Amino acid sequence: MSSPSLPTRFEPSALEARWQAEWERLAAFRAPTPPHAPIFSFVLPPPNVTGVLTLGHVLGGTVQDVLARHHRMRGEATLWLPGLDHAGLATQVEVRRRLAKQGVRLEELPREAALAEVERWKEEHERRIREQTRAAGFSVDWTRYRYTMDPASVRATRLAFVTLYRDGLIYRGERMVNWDPRLRTAISDLEVQHTEEEATLYTVRYAWADGTLGGIEVATVRPETIFGDVAVAVHPDDARYRDAVGRYVIVPLSHRRVPVVVDPAVDPTFGAGALKITPRHDPVDREIAERHPDLATPVEIFDDSARLTGEWVPAAYRGLDRDAARRRAVEELERERLIVRQESYRHAVGRSERSNAVVEPRLSTQWFVRMAPLAAPVVAAVRAEEIRIHPDRWTLTFFRWMEGIQDWCISRQVFWGHRIPVAHCRACGKPTVTVDAPTKCEHCGSTDLEPDPDVLDTWFSSWLWPFSALGWPEKTADLAQYYPTTVLVTAREIMFFWVARMMMAGYRFTGSRPFSDVVLTGLLLDPQGRKMSKHLGNSPEPLDLIRERGADALRLALIFPNPTTEDGPFRPTSLEGARNFLTKLWNLVRFSVAHVPPGTPPIAAPPALGGGSALENRWILSRFRHAVEEVDAALAAFEPTRAVSVLHNFVWHDLADRYVEISKEALGGRRGDPAQRESRATLVFVVERTLRLLHPFVPHVTEELWHALPHAGELLATAAWPAGSEAPADPVAEVEMELVLEAIRLLRNLRADEGVAPAATPPAWIRPAGPEVARVLEEQAGTIARLARVEPLALLAADAPAPSGAASRIAPVGECYVERPAAATGRSEALAREREKLSGLLEKTRARLSDPGFRARAPPELVREAEEKALDLAERIRRIDEHMKPGGSEPANA
RNA sequence: GGGCCGGUGGUCUAGCGGUGAGGACGCCGCGCUUACAACGCGGAGAUCGGCGGUUCGAAUCCGUCCCGGCCCA
C-alpha cells in the first residue's frame, strides 16, 4: 500500500482503521516461533470482564504498546500476550445487578441458568473489550489470546492449588475472616477498604452479678454485639479495676453472667478502660479469649447475612439485621438506664470493595494460603534487584507490605469462579485434593464424595498468568521461549493484589522470576483532580475519544505532557495538544514529500557531509542523533513521557521551526544544485527516521506518512529502529547554529520592540563579539537576514562607529542594530530593562566572588567562570550605557 | 495510629548541591510571509509551601511545622 500524495488535512479515523486491518492482514504482531534472541515478552494485564476498557486501561496499554513496538522495531522477538480475566466475584456482582434491574434475583436461578447469564455477560463484554483494544492500535498477538477460565487455565489453577496443598502451603481452617454479609462470602484482607466514618460510642453499664450497686462501664460502638459477650476485660495495671477482677457482671439485655478478666491487650485509655469480649465477632476479642481458656465457649450471634441468630440472642432480636438490632438494643438499654453516655466518635470502618457493605469479622471455615514462605524469596529477589520496580520509590511500600503479609483467604462462597479442587468424603470426612475430579476418597476409598462448594478468589488464577497464559504446566514452546517475561506494566492499585502475588507464584511454581521489571502507572484523574469513576460520570469512553480525535491523539495525550508514573489529570487540552502536534507532523511530512522528487530510492543513510556542507544539515543530523540517544535512554528507563517530550521538542522546534525554515533556501535551489541535493537528502533522511522514532507512540499516522515517503519494506511497524550512530555528532555545528539562532532572535526582538511593520525589511547591522563569531555570522548572513527579515545585513568591524538612527541590543553574540522606523518615537525601553537585569546579575556574581570562602573552597574552575562572567557582564553594561548615552547610537529622539 | 509521596509563574509539570530555574497549556502584542491559523514571530508572568539548620554555595541535603494525596492497620 502506498499513498503517493497526502491530503491537505489530517483525518485520523479512516486512516487508523485501514492500518489496523493491514497490520492484522500481514500478521505484523505475531510473535515468532521459534524466536530468535533477544526476547521481549510480556502479558497484557487481562482486563476484567466486569466492564469495558477505561481510559486508565488505554493509558496502561499505550505504555505497553510503546515498549512492544520499540522492541519489535529493534528486531527483538516480541510477544505481547492479550487475555481476559473472569473476575469472579466482581463479575457476579455486575450480573446480579443487571438481573435485578429486570426483577430477577441471581441467587434464585438454578446454578446452570446463573452460569449461562454470566457467560452471556462475558461474551458481550469480551467483544467490546477486543474492539477497544484494536481501536487503540495495540500491537498484541491475538493468536495467543487467553482467558482465565479457559480449560488450560482451569487446569493450571487446579494444579497450583493441589501443589500448594501437598506442600502444606494451603490449609483449611476456622479463622476470623472478613465477611461480606451482602454477598454472603468471605473476602480477603485486600478487598476490605478502610474509611474513617462517624459513629456513636455508647458507654454501657454492666451491673455486678452479686447485686452490689454500681457496676462496670464498657464503651462500644456496636451494642448489638452484647449478646455475644463472654467477659469484660481490663488492663492488668489499671488501678481503677483492681477490685473488679474476678467478680462477675451481668451482660445487659441477655442477662448472662460473665467474669471480669485482665488482659494486656486492653487499652486503658479507651472509654473507661473496660472492654467487652465478643470472641466470634472481633479479632482482638478472639485473641483475648484464647488467652483465657476458662471463659464460656462463644456462640455465634450473626448469620451469613449479619442478622441476629442463635441461642444467646433473645427471641425479640432474632432475625433482625445488625442495624435494626443496634437501634433496638440502644432503645432498650436507654429504657433500662444502662447507657451512661453517648458521644460521637470517628473510627475506621472496613467495607467490602465489591458490595460496599460493612465487613463483619466472622469466625468461619475457609481455605488459606500460607504467605510468609512464598513471600521470602520474592523479598530477597527484589532486594537483589532481580526484579526492579519503576518508579523505584514504590519498592519501599512493596517491602513493607510483603514483610507484614497475612495468610490469604482464597475461598469464596459464590458460584462464579474456579471450583476448589477438593472433594470431601462423606464416609471418613477427609478431603481429597486432586487436579482431575476424583472418583473415590484417597483416604478410605469411599465413593461417597461431595465436591467443596466454594470457588477460588479470582486472583488465584491471575497470579499464575505470566506462565499459565504461556501454557504452563505443559512444557509448551511458548513457555520455553518467552518465559520468564521481560516486563509487567500495570496500575499501581493492583500492586499487592496481583503483582506481588505473581512474583510469589513465579518463584514457587517455575523457580524463576516472572518478569524482571515492573512498571507502575498512576491513576488518571478528571480535570478537577478527582478520581475517575462510573459513579461520578467523569470517565470518558475511550471509543468516543478515538472516534473524535483518533487513537494516536488519545495515546499521545495519555502519556504527554503529564507523566504516566504519577496520578494526574486528563484534560481536553492534552488531547488538543496531541492533535496539534500530529497536524504539525502531517504538514511537515507534506512539505518533505513535496521536496522529494518522484522515484527517489529509499533512504539508506544520511548524505555524507563534508567541509562544504550546509551548517543546517550538519546541525540537524547532530540534533537527530541526540534525539535518538535521549529517546533510547528514556525508554530503557521506562519513561515514555520523557521520550515523547524529547521528540515533541525535536520535531516541532528543531525540525519544523528551525531546520525547515533555514533550508527552504537550499531546497528551493537558490544555493545551487549540489546544495539542493544535499538538503533534500538530509531532510528526507531525518523525517523518515523521525517517523520511525515516533511510531511506537503514534503508530497509525506515522505508518501513513511513512508510506508517502521513499521507503523500503512493507510496514513501518516492522521497520528497523534508527540508530543514533547513523548520524554524525557535530558539536561545532551545534555551537555555530546557536550563534545564528541567537542573532536571528535578537534582530526579531528589535523589530518587535521598535514596531517595525511585519512586511518591512529594514537594514540591520551586527558587530560580532569576536573573530570566530564574525566568521560564522559572515557565512550565515543570508540565513540570518532572511529569517529576521532584514535587508541588507552588514557586519561591523570592532572599531566601526555605531550606525545612527538604529535601535540596538547587546548579547553574547555581539551588538545588533536595526534601523528604526521613521514613525518610531521615544527611546527603546528594552535596553534599559536589559541593563537592569544585567546589573542585578553582576551584583550577585560580584558578591559571590568577594566571599573569601567561595574563593577558598569552590572548585577553581567555578571561580574562574564567575570571574569571566563578571567581566563579561560589566562589559555588556558598559556598552549599553554607551548606546543609551545622548549622542550615541540611540539618539534621544528630539 | 503507622508509613509513603508530593507542595516550583494562573494551571500542569522538568530540574533534585553551583545554569540567567526549563517546558506545555493559558494570557498579552503583531502577523493568513504558498507545509502547517490545529499556525508563525515576539512578550509578560516564579524570592521553587513556612521557619530553622548544614554548606563557600540550597529549589535541590537535614530538622521542624503547615497543606494536599495515597497506602496499610
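Basis for what follows: all heavy atoms, side chains included, without hydrogens, waters or symmetry-related copies. If you're wondering where the values come from, they're calculated on a predicted model, not measured in any experiment. Proteins come first, then strands; the chains are lettered A, B, ... in the order of their sequence lines, and each starts at number 1.
For E742(A), the salt bridge (Lys or Arg N to Asp or Glu O under 4.0 Å) criterion is met by no residue, not counting sequence neighbours. Not a single side chain to side chain donor-acceptor pair (under 3.5 Å) links R857(A) to another residue, sequence neighbours left out. Looking at residues two or more places apart in sequence or on another chain, you find a side chain to side chain donor-acceptor pair (under 3.5 Å) between W706(A) and E688(A). Remark: F10(A) engages W586(A) in a ring pair (Phe, Tyr, Trp, His ring centres under 6.0 Å) (not counting sequence neighbours). Evaluation of the ring pair (Phe, Tyr, Trp, His ring centres under 6.0 Å) rule for H653(A) yields no partner, not counting sequence neighbours.
Annotation: A46(B) and G9(B) have their C1' atoms spaced 4 Å apart (nearest Å). As rounded to the nearest Å, C62(B) and U55(B) have P atoms that lie 16 Å from one another. Nucleotides C36(B) and G43(B) place their C1' atoms 23 Å apart, quoted to the nearest Å. Only the C1' atoms considered, G53(B) is 15 Å distant from U60(B), to the nearest whole Å. Of the P atoms belonging to G63(B) and C4(B), the separation is 11 Å, rounded to the nearest Å. Nucleotides C41(B) and C48(B) place their C1' atoms 30 Å apart, quoted to the nearest Å.
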Working for salt bridge (charged side-chain N to carboxylate O under 4.0 Å, His left out), residues R786(A) and E665(A): CA-CA 9 Å; R786(A) 187 161 52 84; E665(A) 181 94 350; 3.2 Å; yes
- request: Kindly determine whether E819(A) and R751(A) satisfy salt bridge (charged side-chain N to carboxylate O under 4.0 Å, His left out), including the steps that lead there.
  value: CA-CA 9 Å; E819(A) 189 180 80; R751(A) 294 179 60 107; over 6 Å; no
Verdict with reasoning, E191(A) to R354(A), per salt bridge (charged side-chain N to carboxylate O under 4.0 Å, His left out): CA-CA 8 Å; E191(A) 290 162 287; R354(A) 289 301 159 203; 5.3 Å; no
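Applying the salt bridge (charged side-chain N to carboxylate O under 4.0 Å, His left out) test to residues at least two apart or on different chains, the pairs with a partner in residues 547-571 of chain A are D65(A)-R555(A), R393(A)-E566(A), R492(A)-D567(A), D544(A)-R547(A). Identified under the ring-ring contact (aromatic ring centres under 6.0 Å, His included) test for residues 551-577 of chain A, with sequence neighbours left out: F560(A)-H648(A). Pairs of residues two or more places apart, or lying in two chains, never qualify as side-chain hydrogen bond (donor to acceptor under 3.5 Å, both in side chains) while including a residue from residues 841-854 of chain A.
Nucleotide G42(B) has C28(B) as its partner under the Watson-Crick or G-U criteria, with both atom distances under 3.5 Å. In this entry A35(B) has no Watson-Crick or G-U wobble partner, no candidate having both defining distances under 3.5 Å. Taking a pair to require two hydrogen-bonding distances under 3.5 Å in either a Watson-Crick or a G-U wobble arrangement, G63(B) pairs with C51(B). With a 3.5 Å ceiling on both atom-pair distances, A14(B) lacks any Watson-Crick or G-U wobble partner. Searching all strands for a Watson-Crick or G-U wobble partner of G68(B) with both distances below 3.5 Å returns C5(B).
The neighbour count for Q406(A) CD, taken as heavy atoms of other residues, nucleotides or ligands under 6.0 Å away, does not exceed 12.
Within 4.0 Å of K837(A), counting heavy atoms only, lies at least one base atom of the nucleic acid. Heavy atoms of V589(A) sit nowhere under 4.0 angstrom from any nucleic acid atom. Residue contacts shown for L838(A) include a base, since a base heavy atom lies under 4.0 Å away. Nucleic acid contact for L841(A): base, since at least one base atom lies under 4.0 Å from a heavy atom of the residue. Using a 4.0 Å heavy-atom distance criterion, R876(A) is classed as a base contact. Contacts of H347(A) with the nucleic acid, taken as non-hydrogen atoms under 4.0 Å apart, are absent.
Distance CZ (R809(A)) to C1' (G43(B)): 11 Å, rounded to an integer number of Å. Rounded to a whole Å, the CZ atom of R864(A) is 15 Å from the C1' atom of G18(B). The distance between atom CG of L520(A) and atom P of C4(B), rounded to the nearest whole Å, is 18 Å. As a whole-Å value, the separation of R748(A) CZ from U33(B) C1' is 11 Å. For L396(A) and G2(B), the CG to P distance is 17 Å, given to the nearest whole Å. Across the protein-nucleic acid pair, E868(A) atom CD and U19(B) atom P stand 16 Å apart, rounded to whole Å. Rounded to a whole Å, the NE2 atom of H648(A) is 17 Å from the P atom of U13(B). One interatomic measurement links the two molecules: CD of E834(A) to C1' of G43(B), which rounds to 14 Å at whole-angstrom precision.
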Report each atom pair, protein N/O against N/O of nucleotides 6-12 of chain B, whose distance is under 3.5 angstrom.
residue, atom, partner, partner atom, Å
U11(B), O2', R571(A), NH2, 3.4
C12(B), O2', N562(A), OD1, 2.3
C12(B), O2', N562(A), ND2, 3.3

Return the polar atom pairs (N/O with N/O) between nucleotides 70-73 of chain B and the protein under 3.5 Å, or none.
none

Using the 3.5 Å cut-off, write out each protein N or O paired with an N or O of nucleotides 36-39 of chain B and the distance between them.
residue, atom, partner, partner atom, Å
C36(B), O4', N587(A), OD1, 3.4
C36(B), O4', N587(A), ND2, 3.3
C36(B), O2', N587(A), ND2, 3.1
C36(B), O2, K584(A), NZ, 2.5
C36(B), N3, K584(A), NZ, 2.8
A38(B), O4', N580(A), OD1, 3.3
A38(B), N6, R9(A), NH1, 3.1
A38(B), N6, R9(A), NH2, 2.0
A38(B), N3, T583(A), OG1, 2.7
C39(B), OP1, N580(A), ND2, 3.1
C39(B), O3', K584(A), NZ, 3.2

Tabulated below should be each protein N or O lying under 3.5 Å from an N or O of nucleotides 54-61 of chain B; please produce it.
residue, atom, partner, partner atom, Å
C56(B), OP1, R857(A), NE, 2.9
C56(B), OP1, R857(A), NH1, 2.2
C56(B), O4', G853(A), O, 3.3
C56(B), O2', D851(A), OD2, 2.6

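Residue-to-nucleotide proximity on RNA chain B shows that, of P758(A) and F560(A), the 5′-proximal contact is made by F560(A).
Checking side-chain atoms of D407(A) against main-chain N and O of M371(A) turns up a donor-acceptor pair under 3.5 Å.
A salt bridge is defined here as a Lys NZ or Arg NE, NH1 or NH2 lying under 4.0 Å from an Asp or Glu carboxylate O, and R362(A) with E360(A) fails to meet this definition.
By the 6.0 Å and 45° rule, R809(A) does not stack over the aromatic ring of Y817(A).
Taking syn as a glycosidic angle within 90° of 0, U19(B) qualifies as syn.
Below 30°, between 30° and 60°, or above 60°: for F496(A) and W401(A) the angle between ring planes is below 30°, a parallel geometry.
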